[in-house]
There are 2 protein chains.
Amino acid sequence: MSFNFTILGVLKWKPMTGYDLKKIIQKTTFMYWSGNNNQIYKGLLALQNQGLVTNEVKHQDGAPSKKIYTITASGIEEFNKWIMESPKEPPEFKKEFLIQMALSGDLKVDNVMAILSQYEESVSMKLLMEKEMQRRQGLDKRRNKQEEYLWSMISENIINTYENELLWIEKVKAGMEVKGRK
Amino acid sequence: MSFNFTILGVLKWKPMTGYDLKKIIQKTTFMYWSGNNNQIYKGLLALQNQGLVTNEVKHQDGAPSKKIYTITASGIEEFNKWIMESPKEPPEFKKEFLIQMALSGDLKVDNVMAILSQYEESVSMKLLMEKEMQRRQGLDKRRNKQEEYLWSMISENIINTYENELLWIEKVKAGMEVKGRK
DNA sequence: TCATCCATGTAAAAAGTTACATGATTTT
DNA sequence: AAAATCATGTAACTTTTTACATGGATGA
């Protein structure tokens with residue numbers, strides 16, 4: 001389960017609470033989970049049972065007390081092993097629209113054009129949202145030049161993905177129009 | 001649940017058994033489910049209860065008897081409504097590697113280069129497999145020119161996705177090397 | 001002879017999401 | 001006065017995957 005490794009990796013930055021982790025995972029879109037409480041708190045418990053993190057309870061006046069989690073030496077070791085030795089999964093996608101297109105063989109050309117436009121609208125919207133998310137995250141300070149470079153490349157990867165999808169939509173539309181005119 | 005709509009859409013091609021559906025969904029990689037028995041047979045039951053499909057049992061000598069499912073008129077109506085009126089979901093990705101890269105800020109340059117190469121290998125392999133899958137599927141006959149065009153565009157979409165990922169990996173590697181030399 | 005194909009189904013586990021529950025403080 | 005933030009946790013549900021179960025026919 002890579003979710004727990006993600007927690008571990010973020011705790012390498014600095015010790016923090018489950019609530020902090022939740023916020024980070026939720027705003028980082030490429031950490032693709034919902035980042036809900038259930039996963040976070042269960043994950044932290046499991047990591048603690050494996051001795052990969054420890055926590056220290058901080059009581060606060062006029063605020064709920066917090067558990068600050070810190071990664072242990074064996075936690076760092078396990079995490080580095082995951083990074084270096086785990087098989088690198090190829091990207092996975094779910095493009096429901098491809099299924100819809102595959103099953104639209106007997107639709108009228110105009111209808112196919114319509115659903116292509118709907119998809120285009122949806123991808124454009126997503127791209128805008130993604131750019132806004134990244135603008136906000138660009139304000140976060142990175143630990144060093146390498147981390148900054150890697151995060152900028154990740155941004156590029158995500159933006160590219162949506163932009164390539166838009167280019168592909170245009171191509172399909174152009175091809176459909178030629179068919180329609182005949 | 002788009003899985004059941006997928007079943008419905010494939011049944012629009014022609015009546016067939018759950019087993020046939022399973023094979024089609026399994027070999028069509030962009031229908032991203034495992035296409036396991038549980039989903040197929042439960043899905044068909046649900047569709048039948050909604051009156052969207054009917055089945056006819058065919059007994060066979062020396063082979064298990066089969067249930068041939070046929071889409072009903074209201075099934076076709078529901079399916080077309082799904083295609084035209086359902087919101088078009090933007091593509092979703094799970095790129096575990098982006099998470100690994102995001103958490104590799106304190107790795108040595110050589111180690112980052114190593115995991116990039118591992119990822120490149122993994123994506124290349126996946127691309128090859130995908131091309132082979134598509135070569136096999138290219139042998140299937142399509143119902144008409146439009147369906148043929150749409151399926152060729154879907155192939156292009158999938159191949160593009162992996163090829164763009166490979167281009168991106170090269171770019172990241174090139175950028176890392178400049179950093180390493182400094 | 002051993003594996004795969006045909007053909008249907010069930011059981012159980014894992015993974016993931018949504019909603020519930022509490023309660024003080026701060027912001028709108 | 002209402003909503004959001006901080007902070008932890010639980011419960012219920014949906015979705016998805018893996019494995020089990022049967023059994024004859026065909027192919028390597």
Side-chain angles (χ1 to χ4, degrees), chain A residues 1-7 10-11 15-49 53-70 89 92-96 99 136, chain B residues 1-7 10-11 15-49 53-70 89 92-96 99 136:
Chain A
M1 232 216 297
S2 63
F3 186 82
N4 290 6
F5 282 112
T6 304
I7 291 178
V10 176
L11 284 179
M16 61 180 88
T17 67
Y19 189 77
D20 295 327
L21 281 163
K22 182 186 166 180
K23 277 189 298 175
I24 289 171
I25 291 174
Q26 276 178 342
K27 79 171 172 180
T28 311
T29 55
F30 61 86
M31 295 176 186
Y32 39 76
W33 306 274
S34 66
N36 61 80
N37 295 351
N38 210 315
Q39 279 175 302
I40 297 275
Y41 293 111
K42 267 191 181 165
L44 284 168
L45 199 65
L47 290 169
Q48 198 174 357
N49 291 337
V53 303
T54 54
N55 76 59
E56 198 193 343
V57 182
K58 276 262 157 78
H59 291 285
Q60 301 178 116
D61 308 337
S65 44
K66 41 164 98 171
K67 287 184 185 173
I68 296 164
Y69 286 88
T70 305
E89 305 292 345
E92 276 174 56
F93 18 94
K94 296 193 182 184
K95 301 189 184 184
E96 187 174 287
I99 299 173
R136 271 182 242 173
Chain B
M1 233 214 296
S2 63
F3 186 82
N4 290 5
F5 282 111
T6 303
I7 291 179
V10 177
L11 283 179
M16 60 179 90
T17 66
Y19 188 78
D20 294 326
L21 281 162
K22 183 185 166 181
K23 277 189 299 176
I24 289 170
I25 291 175
Q26 276 178 341
K27 79 170 174 181
T28 310
T29 55
F30 61 85
M31 296 178 184
Y32 38 76
W33 305 275
S34 64
N36 60 79
N37 295 351
N38 210 315
Q39 279 176 303
I40 297 275
Y41 294 111
K42 269 192 179 162
L44 283 168
L45 199 65
L47 290 169
Q48 197 173 358
N49 291 337
V53 302
T54 53
N55 76 59
E56 199 193 343
V57 182
K58 277 261 157 78
H59 292 284
Q60 300 177 117
D61 308 337
S65 44
K66 42 164 98 171
K67 288 185 185 172
I68 296 164
Y69 287 87
T70 306
E89 306 291 346
E92 279 174 54
F93 323 82
K94 297 194 182 181
K95 300 188 183 184
E96 188 175 286
I99 300 172
R136 268 183 245 175

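By convention in this document, chain letters (A, B, ...) are assigned in the order of the sequence lines, proteins followed by strands, and residues within each chain are numbered from 1.
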Report the distance from atom [atom1] of [X] to atom [atom2] of [N], rounded to the nearest whole Å.
X     : N      : atom1 : atom2 : value
A:I24 : D:dC6  : CD1   : C1'   : 15 Å
A:L45 : D:dA7  : CG    : C1'   : 16 Å
B:K58 : C:dT8  : NZ    : P     : 13 Å
B:K22 : C:dT4  : NZ    : C1'   : 12 Å
A:I40 : C:dT17 : CD1   : P     : 12 Å
A:K66 : C:dG23 : NZ    : C1'   : 16 Å
B:D20 : C:dG9  : CG    : C1'   : 16 Å
A:N4  : C:dA15 : CG    : C1'   : 12 Å

message: With a sphere of 6.0 Å drawn around CD of B:E92, does it hold more than 12 non-hydrogen atoms of other residues, nucleotides or ligands?
response: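 Open.
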B/S/- contact track for nucleotides 13-28 of chain D, protein heavy atom under 4.0 Å: ---SBB----B-S---
message: What contact category does B:K42 fall into here, base, sugar-phosphate, or nothing, at under 4.0 angstrom with non-hydrogen atoms?
response: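 Answer is nothing: B:K42 stays at 4.0 Å or more from every strand.
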- prompt: Just checking A:K23: base, sugar-phosphate only, or nothing, at a heavy-atom cut-off of under 4.0 Å?
  reply: sugar-phosphate
message: Can you identify which nucleotide, out of D:dG9, C:dC6, D:dA7, has its nearest atom closest to the A:Y69 side chain?
response: D:dG9
If you round to the nearest 0.5 Å, how far is [atom2] of [Y] from [atom1] of [X]?
X     : Y     : atom1 : atom2 : value
A:K42 : A:N36 : NZ    : CG    : 9.5 Å
A:L21 : A:I7  : CG    : CD1   : 6.0 Å
A:L45 : A:I40 : CG    : CD1   : 13.0 Å

For [X] and [N], is the shortest distance between a side-chain N/O and OP1 or OP2 below 4.0 Å?
X     : N     : answer
B:Y19 : C:dT8 : no
B:Y41 : C:dT8 : yes
B:T17 : C:dT8 : yes
A:Q60 : D:dC6 : no

query: For B:K95, what residues pass the salt bridge (Lys or Arg N to Asp or Glu O under 4.0 Å) criterion, not counting sequence neighbours?
result: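 B:E165.
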- request: Report the residues that fulfil salt bridge (Lys or Arg N to Asp or Glu O under 4.0 Å) with B:K27, sequence neighbours left out, ordered by chain and then residue number.
  value: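 Once residues adjacent in sequence are excluded, the partners of B:K27 under the salt bridge (Lys or Arg N to Asp or Glu O under 4.0 Å) criterion are B:D140.
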field: B:S2 side-chain N/O to B:F5 backbone N/O, donor-acceptor pair under 3.5 Å
entry: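 Judged by distance alone, no pair lies under 3.5 Å.
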